[in-house]
Amino acid sequence: MPKVLLAEVMGLVVGSLLVVATGMLEARLEQASLLKKVVDAIKDLVQDCNFDCNDSGIALQAMDNSHVALVSMILKAESFSPFRCDRNLALGINLTSLTKVLRAAQNEDILTLKAEDAPDVVNLVFESSETDRLSEYDIKLMDIDQEHLGIPDTEYAATIEMPSSEFQRICRDLIAMSESVSIEASKDGVRFSCQGDIGSGSVTVRQHSNVEKPDHDVSIQLSEPVALTFSLKYLVNFCKASGLSTKVKLCLSQEVPLLVEYPLAGNSYLRFYLAPKIGDDE
Amino acid sequence: MGVHTRSSASSSPVKLKIPTKAALPCAEGEPYSTFILPSNTSSDARFVLLQHPRDGARRRFYFCPSKGIYEITKINANIRDLRSILFTPDRDVTTLQAGKIEDELHESTIIGMEAGSSGISSIAENRPCKGYVNKTAEIFVATPFDPVFILLPLLDQSATTSRTQPGDGFFRPFDDILDEHQGDDRHLRHVLNDPTFRPTLLTAMSHVCDTVNAGDEDMYRLNMLKLYSYILSKARKAVENGLPASMEERFVTRSLEVPMLGVKRVESGVSCSTEETDAAVERLVPDMSESQSSIASLSTSASISEISSISSATSIGIVDHAPSEVLCHLQRLRTAMSFITTSYLNPILSTKLAELSCDSKALPDFAPLDEHLQHLAKLRAEALATRPLSDFSRKRNLGEDDEAAGDRAEKKRKQEEDDKKKRSQESRGVRDLKKVNVSGMKKMSDFFAKKGPTATSKA
């Protein structure tokens, strides 16, 4: 009997050794486009950031250089098939470099992220199911000291859900007029307005539901009226994530950063936070 | 070395035309040179090659036993449009007429026209030596040259190098002094041994030498004090007649004017200008202007001394206040003296003279000028000390030595390299966001509490 026990112990040891040999992280995405779009959306806000990997998925939190905006992303394990991460890992990656490598992937390619324990590089494999083409890239990792902020779950005074393309259009239209936009949510609707050198302009959206085209629905939940001012340049920047989701959720409360959330499949999300402008200027 | 001159009776100085090396026969091959020479010179007048007293280089002089030595100066540099000279014959007067051509392309036309207008169809007659175009528009002008300057090198060498005090050394007869140096120099011997010229030489000697009568001949010894006062009297004369306008403007007027900018930092601008003698004249002249302009600039920043208050009040010209006038006169005198010593004395002698001008009290008094200059230098130092408050670029220059500056440059270069590298790592969007006006926007950390590095950091 002791021999059997020993054999079992041996087997465990061998098993864990095998795990080490095959790597700590292996995450396979059916469509490379998801990662491509996520990185595209973030890269213009953040230069380098840590991809924090644990068994629940891959998370990312980073601030822009001015620390007035924050991006928070979670790709849950469910978004991958399969996903395996044996130990917590922080992959510090320069997003410009990652963009360069991801350009080599087709949108439909199968993408696999791999990293070893205490890795120097992260390994990306692109497989084309059509042509059996297989390409493989390593990106050198970097040590990034980033402070993590604890973001509490907040009850927002106003939550607006609208088509992401509509929000993008509003931002792009208004930036032609001014650098900042004031968002006023009242029971009449949400008014995006701005005042610039050449004049002023505003766009108002109201609660709207279309049975035939649910993508065009606009829903506004309001507990109290809100009016805040934001930098349009940042908002336009956030809108680069529009391709990730048909819907966008805007959450506002007085004196609190605006939350712009792009929901992704499988409870994953990409969130942006932006500090409101306070003061007399503009 | 005969000189062929054809001078007009009326005008003086007279325009002459002579072949370069007095070789008329080969005139066809050699280009002519144009000289302006004194008229009424004796038939023994010669061109001679003598060592220039300043640098010992052999230059051409014009020597006339009765009228003295003339220095030859070439004039062409500052006449830009003058490209060539046209000579046309004139039937009535033997003098050659000089005309100027601005463009050589039109040479022949102009010759024809001028010949026609003077009533001679010289081109048509085709006589030899009729029209002549000199390609180089140089004119050589002979100006009087004090024989003292030719004698000085001889006297100075004969008064041995060991002597330091003025008046030291041996008295020697004139002929001994001459014999010692002229042996190898045919031209010099020609000048010095000319019997007609000898009295002039002796007078010159007496200007700068102590003399002792030893029996039938006079003995001579160089006296620095005499030389100094002789040169000073020359300078005085020059000042009395007025300095040339350019000199006056550059060294006197400008030094008392308010300069607008371009002040060069020259330490001890007080007397370096006049005492600097190693430098060639060309180099020394700008030096003087610099140091003096810096002195003048001082006066602008100072507000106390009488000089400064006067000079800073005028931007038009020299003020007629008494102290300033005295100062101007001294300045002119000093300018003239330094021009003479730097142009016609060898460096050793002019150094000696400069020392003398500082030491001697018997000599005309530069003390007020020096005092003022020193005072101004002090004020200038004070002005410099206060200037950094308002002028940061000067503060940087003043406050740091080269090494520190070099270090900083190196650091800056490195920083730039790093920045460049960093920039290539960041996307355009990130760069654009840096320009966004984030005033009135709080930082994220004001809203959300810091968690520190998350649990998902490296294992």
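Each chain gets a letter, A, B and so on, in the order its sequence line appears, and its residues count up from 1.
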Applying side-chain contact (heavy atoms from CB on, under 4.5 Å), run through B:M444 and A:V68 and close with a yes or a no. CA-CA 5 Å; B:M444 278 294 137; A:V68 297; 5.6 Å; no
Rounded at 0.5 Å granularity, tell me how far CZ in A:F230 sits from CE in B:M441. 8.5 Å
If we only count heavy atoms from C-beta on, is the A:L70 to B:F447 side-chain gap below 4.5 Å? no
Which atoms of A:L95 are under 4.5 Å from chain B, going by heavy atoms: the side chain, the backbone, both sets, or neither? neither
Checking B:S427 side chain against A:T96 main chain: does a donor-acceptor pair fall under 3.5 Å? no
Can you confirm whether B:Q415 is buried at CD, in the sense that more than 12 heavy atoms of other residues, nucleotides or ligands lie under 6.0 Å from that atom? no
CG/B:D418: more than 12 non-hydrogen atoms of other groups inside 6.0 Å: yes
Is it true that, when you exclude B:K442 itself, more than 12 heavy atoms of the residues, nucleotides or ligands shown sit nearer than 6.0 Å to its NZ? no
Quick check, are the ring centers of A:Y273 and B:F448 under 6.0 angstrom apart? yes
What residue among A:N65, A:V46, A:L45 forms side-chain contact (heavy atoms from CB on, under 4.5 Å) with B:V430? A:N65
Assess whether side-chain contact (heavy atoms from CB on, under 4.5 Å) is satisfied between A:D44 and B:R431, documenting all intermediate values. CA-CA 8 Å; A:D44 282 341; B:R431 234 172 297 152; over 6 Å; no
Greater than 12 external heavy atoms within 6.0 Å of B:D446's CG: yes
Distance (rounded to the nearest 0.5 Å) between A:K277 NZ and B:S439 OG: 5.0 Å
Only pairs of heavy atoms separated by less than 4.5 Å count here; which of A:Q61, A:Q47, A:K233 has the most with chain B? A:Q47
Which bit of B:K434 is near chain A, if near means a heavy-atom gap under 4.5 Å: side chain, backbone, both or neither? side chain
Checking A:A69 against chain B: side chain, backbone, both or neither under 4.5 Å from a heavy atom? backbone
Heavy-atom distances under 4.5 Å only: say whether B:V436 touches chain A with side chain, backbone, both or neither. side chain
Largest heavy-atom contact set with chain B, pairs under 4.5 Å, which of A:P257, A:G92, A:S66, A:S97: A:P257
